[in-house]
Amino acid sequence: MIVRTLEESKGSHREVEAPNGNWVSRRLILKEDKMGFSLHDTIIRAGTETFIWYKHHLEAVYCISGKGEIAEIETGILHPIEEGTVYALDGHESHKLRAFVDMRMVCIFTPPLTGKEVHTKEGFYPLEVEK
């Protein structure tokens, strides 16, 4: 059984910040935990816009606080995101994630992340990042 708190993840190898400061992710479950997915508690900072295209991963996201939007790159469709909204990138959709106020998101990735991943300039996480 794995039992872990958000507090013990903060400041550890499980806490990763975007190089541009747009987000901080506390990675609660990682590949090393052998669950087949990774689970993250992520803060998307107010006033930021992040281009994302997960070509190697599927992601489901549940917003537990805050407000923002997703802009689909291919279609231009805007999706409002606020507390209680879930979205799943089941087709590797490229998008821009905008935070109007700080957003707290619970994110699940498959395949699981190793823990050190940050977005490449093309918006994706490498398939495997060594620790």
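The structure presented is a predicted model; accordingly, all values stated were derived computationally and were not measured. For the numbers below, each heavy atom of this structure counts, side chains included, while hydrogens, waters and symmetry mates do not.
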**Student:** Same cluster or not: L78 versus I44, using hydrophobic residues (I, L, V, M, F, W, Y) connected whenever any side-chain heavy atoms lie under 4.5 Å apart?
**Tutor:** no
**Student:** Does the R4 side chain pair with the main chain of L28, one donor and one acceptor, at a distance under 3.5 Å?
**Tutor:**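 Indeed, once roles are kept as given, a pair shorter than 3.5 Å links the two residues.
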**Student:** Taking atom CG of L97 and atom CD1 of I81, what is their separation to the nearest 0.5 Å?
**Tutor:**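 Spacing of CG (L97) from CD1 (I81) equals 7.5 Å.
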**Student:** Checking side-chain polar atoms at under 3.5 Å, does S25 have a donor or acceptor matched by the opposite partner on R27?
**Tutor:** yes
**Student:** Hey, could you give me the NE2/CZ distance between H40 and R14, rounded to the nearest 0.5 Å?
**Tutor:**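 If we round to the nearest 0.5 Å, H40:NE2 and R14:CZ are 10.0 Å apart.
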**Student:** Working note: E59 + M105, criterion side chain to side chain contact (heavy atoms under 4.5 Å, CB included); need CA distance, chi angles, decisive distance, verdict.
**Tutor:** CA-CA 12 Å; E59 181 191 31; M105 316 289 256; over 6 Å; no
**Student:** With rounding to the nearest 0.5 Å, note down the distance linking NZ in K10 to OG1 in T5.
**Tutor:**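 One gets 9.0 Å once the value is rounded to the nearest 0.5 Å.
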**Student:** Look at the side-chain heavy atoms of Ile, Leu, Val, Met, Phe, Trp and Tyr, link any pair under 4.5 Å apart, and say whether V24 and M103 land in one connected group.
**Tutor:**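 In one cluster with V24: M103, no.
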**Student:** Taking E69 first and then R98, would you say they form a salt bridge - that is, a charged N and a carboxylate O separated by under 4.0 Å?
**Tutor:**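 Looking at E69 and R98, the cut-off is met.
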**Student:** Would L39 end up clustered with V16 when hydrophobic side chains under 4.5 Å apart are linked, directly or stepwise?
**Tutor:**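 As far as the 4.5 Å side-chain criterion goes, V16 and L39 are not connected within one cluster.
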**Student:** Spell out, yes or no, whether I73 and W53 are grouped together once hydrophobic residues are joined by side-chain heavy atoms under 4.5 Å, including indirect joins.
**Tutor:**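 Linked within one cluster.
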**Student:** Side chain to side chain contact (heavy atoms under 4.5 Å, CB included) for T114 and E32? Distances and angles first, verdict last.
**Tutor:** CA-CA 7 Å; T114 63; E32 67 190 39; over 6 Å; no
**Student:** Start with the C-alpha gap between T110 and I108, add the side-chain angles, then the distance that decides, and say whether side chain to side chain contact (heavy atoms under 4.5 Å, CB included) holds.
**Tutor:** CA-CA 7 Å; T110 186; I108 299 171; over 6 Å; no
**Student:** Checking E93 side chain against G91 main chain: does a donor-acceptor pair fall under 3.5 Å?
**Tutor:** yes
**Student:** Do you know the tightest heavy-atom contact between F37 and I29?
**Tutor:** O-CG2, 3.7 Å
**Student:** Minimum heavy-atom separation for S94 and E74, please, with both atom names.
**Tutor:** OG-OE2, 2.6 Å
**Student:** Where the side chain of N22 meets the backbone of E49, is there a donor-acceptor pair that is under 3.5 Å apart?
**Tutor:**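 Looks like yes, one N/O pair under 3.5 Å.
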**Student:** CD1 of I77 to NE2 of H95: how many Å apart, nearest 0.5 Å?
**Tutor:**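 I77 atom CD1 to H95 atom NE2 measures 14.0 Å (nearest 0.5 Å).
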**Student:** Looking only at non-hydrogen atoms, find the nearest pair between S9 and R26 and report the distance.
**Tutor:**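 Of all heavy-atom pairs spanning S9 and R26, the closest is CB-CB, 4.4 Å.
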**Student:** If I compare all heavy atoms of A46 with all of F100, which pair ends up nearest, and what's the gap?
**Tutor:**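 Taking A46 first and F100 second, the nearest heavy atoms are CB-O, 3.9 Å.
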**Student:** T85 and H79: side chain to side chain contact (heavy atoms under 4.5 Å, CB included), yes or no, with the steps?
**Tutor:** CA-CA 10 Å; T85 302; H79 302 278; over 6 Å; no
**Student:** Provide the closest heavy-atom pair for L89 versus L58 in the form atom of the first, atom of the second, distance.
**Tutor:** O-CD2, 3.5 Å
**Student:** With rounding to the nearest 0.5 angstrom, report the CZ to OG1 distance, R45 to T50.
**Tutor:**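 So the CZ of R45 and the OG1 of T50 are separated by 10.5 Å.
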**Student:** If you take all heavy atoms of E83 and S65, which pair is closest and at what distance?
**Tutor:**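 Closest approach of E83 to S65, heavy atoms only: CB-CA, 4.2 Å.
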**Student:** Taking atom OG1 of T48 and atom CD1 of I43, what is their separation to the nearest 0.5 Å?
**Tutor:**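 Atom-to-atom, T48:OG1 and I43:CD1 are 11.5 Å apart.
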**Student:** Is it possible for you to say whether I2 and V106 belong to one hydrophobic cluster, with membership spreading through side-chain heavy-atom contacts below 4.5 Å?
**Tutor:**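 Yes, I2 and V106 fall within the same hydrophobic cluster.
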